[in-house]
Amino acid sequence: QMLRALLLSIVFFQHIFGHESPLSLLRVENIVVKRDSDVIVSVSNQVLQGAADWLTVTFSGVVHPARGDWIGAYASPVENYATKAPTRYQWADASPDFYTSGSGSIRFHLINIRSDFIFAFLRNGTDYPILVATSEVVRFSNPNAPSQGRLALHTLPNYMRVMWHGGGNVSNMISYGTNKFALNQYVIALHSTYTADDLCGSPATDIGWLDPGMIHDAVIGPLIPGQRYYYRYGSDVHGWSDIYNFTAPIGADPNRGVKVIAFGDMGRGNLDGTMEHWEMPAAIDTAAGILQHLDDTDLVLHIGDVSYAVGYAADWDQFGWQMLPISTRVPYMTGIGNHERDFPNSGSLFNKTDSGGECGVPYNRRFHMPQTSNDSSWYSFDYGNVHFVVMSTEHSFHPGSLQHEFLSKDLASVKRDVTPFVVFTGHRPMYVDSTDNTSYDADTEVMHMMIQDVEPLLAKYSVDLALWGHHHTYQRTCHVNNFVCGSQDL
């Protein structure tokens with residue numbers, strides 16, 4: 001009851017119904033180009049504005065309209081349509097009267113991905129598509145504009161990390177201050193990127209690849225705990241972001257409760273109803289729900305399976321745009337999940353293809369958490385009266401591993417007079433009501449591994465609360481140790 005009084009945890013667990021991704025159903029390698037001069041594809045506007053914009057794609061002259069006709073939005077230029085997946089697509093019959101007129105129009109909502117777009121009309125379904133026509137090239141007015149800002153706590157309690165994306169190899173900075181109209185403190189950002197060669201396999205390295213642009217990373221401080229700061233990021237060359245604000249982190253304080261919104265397995269939705277890789281319309285509602293509570297929230301904790309890009313890079317940009325109203329206001333702390341990390345022979349604990357060849361690279365570059373190295377996706381931090389521990393269930397946590405050593409030392413070092421409560425998080429659940437035991441990474445198999453290798457640490461150091469994701473259901477347990485409720489060891 002004392003924990004409940006001092007720690008507010010709002011937990012959203014996204015439920016994604018089992019289905020194959022629309023993009024994974026598309027046999028890109030079978031696309032052939034057979035131009036049909038009768039089919040015309042045009043766009044309502046060739047220059048888009050801001051970080052995202054709407055346009056209408058119109059098509060006409062389709063003889064014998066068929067159920068397998070579709071429109072694809074491609075990052076341009078496309079050298080070979082048989083080697084590149086569209087960022088999204090829609091069936092032509094989503095337009096009323098398509099079957100009777102052979103024409104129609106579809107609205108698309110596009111995110112600025114630092115690339116031009118082109119729309120293609122394809123026939124013959126998704127197994128053996130035939131491209132018959134393409135549109136004019138569509139451009140964003142400022143493709144290199146700074147975008148997708150996000151905050152994260154730093155290892156030093158009075159500092160804040162700010163990250164964002166932009167195109168072009170131009171130095172970026174952040175300007176900030178306590179007065180919205182006097183942002184007179186400046187920090188030059190570090191920048192980095194990654195290439196397809198840094199990734200581990202398909203689709204991330206081929207049909208789903210998209211240049212991520214420059215990822216900018218700045219640390220500001222020292223800050224006055226609890227003080228509101230205003231900031232913007234960018235450059236005079238490619239422009240500046242809007243002005244955002246946050247409350248400086250308070251660090252450890254035994255007399256200060258914490259309000260955190262915690263969830264896992266969110267992904268991203270889209271506003272136009274088109275099909276993309278594992279689109280999740282509920283993510284839009286979840287983001288809106290988070291925004292309703294944000295005014296009195298200290299931080300967000302996203303416990304793995306972040307964007308569900310799974311090798312289709314444009315979906316990272318979609319997620320960044322979706323979460324910007326949240327991630328620019330409070331620290332957006334993340335843990336790694338199977339759909340960010342797992343790939344055969346890449347160092348992940350489970351040799352599955354769940355990351356679509358990303359093997360943790362896009363996640364770790366985009367979300368710089370207070371961890372020791374890029375692929376050591378475990379860390380801890382203090383906020384108010386809580387010590388938070390974030391583990392990686394996708395790296396070895398067996399006794400003797402680097403992660404197990406970290407968890408043991410970290411939990412042993414907690415000062416309960418400073419942070420009376422300990423909250424432990426990871427992606428795959430330690431306890432789960434599931435009958436899945438079909439493989440070594442199945443729910444119940446991982447559960448037993450976690451109980452054997454990690455739970456003794458939680459019991460020994462009296463962890464108060466554990467939060468997990470992965471299963472796409474809401475479940476909770478009693479205070480439990482080795483399947484026994486109310487254990488005195490806790």
Side-chain angles (χ1 to χ4, degrees), residues 1-11 150-163 176 178 218-229 231 245-263 293-303 326-327 329-335 367-373 376-392 403 405-426 454 457-467 479 490:
Q1 290 179 341
M2 188 175 182
L3 174 64
R4 187 175 301 166
L6 295 175
L7 172 70
L8 172 64
S9 177
I10 303 169
V11 183
R150 50 197 177 273
L151 303 171
L153 297 175
H154 191 262
T155 51
L156 298 174
N158 296 333
Y159 288 75
M160 184 75 85
R161 185 180 300 280
V162 186
M163 301 186 73
Y176 69 101
T178 57
V219 177
I220 59 177
L223 306 173
I224 302 171
Q227 172 69 51
R228 183 170 297 279
Y229 285 86
Y231 70 101
N245 69 85
F246 66 87
T247 300
I250 59 172
D253 182 346
N255 299 311
R256 167 66 153 80
V258 184
K259 294 183 178 179
V260 54
I261 294 178
F263 55 92
H293 295 277
L294 213 57
D295 286 341
D296 61 350
T297 295
D298 293 305
L299 61 95
V300 165
L301 186 56
H302 191 157
I303 314 167
I326 298 164
S327 61
R329 288 178 56 189
V330 297
Y332 198 91
M333 308 305 290
T334 59
F367 294 93
H368 188 166
M369 296 294 109
Q371 58 200 47
T372 56
S373 65
S376 297
S377 302
W378 49 87
Y379 62 94
S380 66
F381 63 92
D382 296 328
Y383 203 106
N385 61 356
V386 180
H387 180 74
F388 290 88
V389 183
V390 180
M391 76 165 291
S392 168
Q403 179 170 203
E405 181 180 353
F406 166 83
L407 296 174
S408 180
K409 289 182 178 179
D410 183 84
L411 289 170
S413 68
V414 175
K415 297 178 180 179
R416 292 287 184 149
D417 59 332
V418 179
T419 51
F421 300 101
V422 176
V423 174
F424 192 95
T425 73
V454 180
L457 296 176
L458 274 62
K460 180 179 180 179
Y461 296 109
S462 301
V463 168
D464 296 284
L465 177 68
L467 300 173
H479 261 194
L490 294 176

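Atom OH of residue Y332 and atom CD1 of residue I261 lie 10.0 Å apart, to the nearest 0.5 angstrom. S462 contributes atom OG, which lies 12.0 Å from atom CG of L457 (distance to the nearest 0.5 angstrom). Rounded to the nearest 0.5 angstrom, H368 NE2 and R161 CZ are separated by 4.0 Å. The OG atom of S377 lies 4.5 Å from the CD atom of Q371; values are rounded to the nearest 0.5 Å. Rounding to the nearest 0.5 angstrom, the gap separating the CG atom in L153 from the OH atom in Y383 is 7.0 Å. In this structure, CG on L301 lies 8.0 Å from CE on M333, to the nearest 0.5 angstrom.
Using a cut-off of 4.0 Å between Lys/Arg side-chain N and Asp/Glu carboxylate O, D298 and R256 are scored as salt-bridged. In summary, R416 and D464 engage in a salt bridge, as defined by a charged side-chain N under 4.0 Å from a carboxylate O.
A donor-acceptor distance shorter than 3.5 angstrom exists from the side chain of Q403 to the backbone of S392, with no hydrogens or angles considered.
Of all heavy-atom pairs spanning Y379 and T334, the tightest one is OH-O, 2.7 Å. Heavy-atom minimum distance, T247 versus G226: CG2-O, 3.5 Å. Here the shortest heavy-atom pairing between V390 and G335 reads CG1-CA, 3.9 Å. Closest approach of V258 and G384 over heavy atoms only: CG2-CA, 3.9 Å. Residues P225 and I250 come closest through the heavy atom pair CB-CA, 4.0 Å. Contact between S380 and P370 at its shortest, heavy atoms only, is O-CG, 4.4 Å.
Inter-residue side-chain proximity for D410 and Y461 is flagged as unmet; no heavy-atom pair is nearer than 4.5 Å. Side-chain atoms of R150 and V162, non-hydrogen and from C-beta on, never get closer than 4.5 Å to each other. Residues T425 and M391 are not in side-chain contact: their nearest non-hydrogen atoms beyond the backbone lie 4.5 Å or more apart. Using a 4.5 Å heavy-atom threshold, the side chains of V389 and V423 count as separate. Using a 4.5 Å heavy-atom cutoff, the side chains of I326 and V300 are in contact. Counting only heavy atoms from C-beta outward, the side chains of T297 and V260 never approach each other to under 4.5 Å.
Ring pair H302/F263 is tilted by interplanar angle, where 30° to 60° counts as tilted.
F388 has its ring centre no less than 6.0 Å from the ring centre of F424.
For the pair R228 and F246, the cation does not sit on the ring face, since its NZ or CZ is not both under 6.0 Å from the ring centre and inside 45° of the axis.
Neither side chain, N385 nor T419, offers a donor N or O lying under 3.5 Å from an acceptor on the other.
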